[in-house]
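First up is the structure itself, then whatever we jot down about it.
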Amino acid sequence: MEIASAFKRRGLLFVLSSPSGAGKSTIARMLLENDDGIAMSVSATTRPIRPGEVDGRDYHFVSDARFEEMVAAGEFLEWAFVFGHRYGTLRSEVVKTIEGGRDVLLDIDWQGTQQLKQVDPDIVRVFILPPSMPELERRLRFRGTDSEEVIRRRMDRAAAEISHWAEYDYVLINNNADKCRELVHNILKAERLKAGRRVFLHDFVRQLIG
Ligand code: 5GP
């Protein structure tokens with residue numbers, strides 16, 4: 001992707017996927033609180049806003065018609081239908097963050113991850129598994145934001161989402177949110193050190209050994 005080329009260290013697209021309820025949002029929030037070098041990509045969606053959500057912070061909430069316009073205008077790096085609504089990663093969100101010298105955290109599903117991998121083969125993909133299916137259901141109910149029908153559909157979808165685990169670079173089991181966050185952070189820190197991303201090393205080593 002041309003957007004990362006100007007920087008000392010190539011900015012990372014760091015993808016977190018999991019079935020809903022596996023603790024991904026908590027881990028993402030804790031990661032952002034603990035690391036100034038990464039910022040969330042705020043997706044656009046056609047799903048209705050939930051109580052407590054803020055337009056522009058949690059998602060850019062748009063109509064179906066507007067979403068279609070955005071697709072036609074090439075505004076998305078990827079987009080997919082999830083639970084009957086459309087969700088997409090905005091090119092502008094990713095560019096803004098990378099140009100600001102930070103890595104980008106993307107909370108997207110397996111369909112979006114597959115598409116993004118085509119756009120940028122260098123992305124880092126992390127999948128979070130729940131410890132068990134009953135625990136996943138318990139967490140979905142505890143959240144209390146969704147109707148019974150939505151919970152049922154999410155449980156049905158969870159198995160399908162989980163079946164894509166092997167397409168990811170790292171797979172974690174979320175037994176404990178703190179530990180899982182720490183592991184995700186360790187992955188991020190190690191990925192940042194990969195030689196291929198640290199273009200400044202060429203100059204540094206040339207200086208070092210003359
Ligand atoms: P929720 O409606 O609970 O916020 O999110 C539902 C699902 O949509 C989650 O699994 C989330 O990862 C996925 N999702 C959120 N934003 C995007 C996006 O921009 N692209 C894709 N492909 N999936 C997304």
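Only this structure's heavy atoms are used, side chains among them; waters, hydrogens and symmetry mates stay out. Start at 1 and go down the list; that is how both ligands and their atoms are numbered. All figures in this text were calculated on a predicted structure; none of them were measured in a lab.
When non-hydrogen atoms are compared, ligand 1 lies under 4.0 Å from the side chain of R50 (C-beta onward) but not from its backbone. The side chain of V82, and not its backbone, has at least one atom closer than 4.0 Å to an atom of ligand 1 (non-hydrogen atoms only; side chain from C-beta on).
Using 4.0 Å as the threshold, F76 has no heavy atom nearer than that to any atom of ligand 1. Residue G88 places a heavy atom under 4.0 Å from ligand 1. Assignment of Q115 to the shell around ligand 1 is not supported, since no heavy atom sits closer than 4.0 Å.
One hydrophobic cluster holds both L183 and Y170 under the rule that ILVMFWY side chains link at heavy-atom gaps under 4.5 Å. Hydrophobic clustering (side-chain heavy atoms under 4.5 Å, transitive across Ile, Leu, Val, Met, Phe, Trp, Tyr) keeps Y87 apart from F76.
If you number the atoms of ligand 1 from 1 as listed, the ones under 4.0 Å from a heavy atom of D107 come out as 11 (C), 12 (O), 14 (N), 15 (C), 16 (N), 17 (C), 24 (C). Close contacts between ligand 1 and G112 involve ligand atoms 22 (N) [criterion: under 4.0 Å to a heavy atom]. Using a 4.0 Å cut-off to heavy atoms of R154, the atoms of ligand 1 that qualify are 2 (O), 3 (O).
For CD1 of I173, the number of neighbouring non-hydrogen atoms (other residues, nucleotides, ligands) closer than 6.0 Å is 12 at most. The environment of F83 atom CZ is dense: over 12 non-hydrogen atoms of other residues, nucleotides or ligands sit within 6.0 angstrom. Applying the 6.0 Å contact sphere to CG of D156 captures more than 12 heavy atoms from other residues, nucleotides or ligands.
For E33 and R181, the salt-bridge test fails: no basic side-chain N is under 4.0 Å from an acidic carboxylate O.
Of the candidates R47, Q114, E78, it is E78 that places a heavy atom closest to atom 20 (N) of ligand 1. Nearest to atom 2 (O) of ligand 1 by heavy-atom distance, out of F83, Y87, W79, is Y87.
At a 3.5 angstrom cut-off on N or O pairs, Q111 does not count as close to ligand 1. Taking any N or O of A80, backbone or side chain, none lies under 3.5 Å from an N or O belonging to ligand 1. In terms of polar-atom proximity, defined here as any N/O pair under 3.5 Å, K24 does make such a contact with ligand 1. Between E53 and ligand 1, not a single N/O pair is under 3.5 Å apart.
Residues I108 and V15 have side chains in contact (heavy-atom distance under 4.5 Å, counting atoms from C-beta outward).
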Practice task
Kindly indicate, with the supporting measurements, whether the criterion side-chain contact (heavy atoms from CB on, under 4.5 Å) is fulfilled by F61 and T45.
Solution key: CA-CA 5 Å; F61 294 94; T45 184; 3.7 Å; yes

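When each of R102, R192, K189 is paired with D35, the salt bridge (Lys or Arg N to Asp or Glu O under 4.0 Å) condition holds for R192 and for no other.
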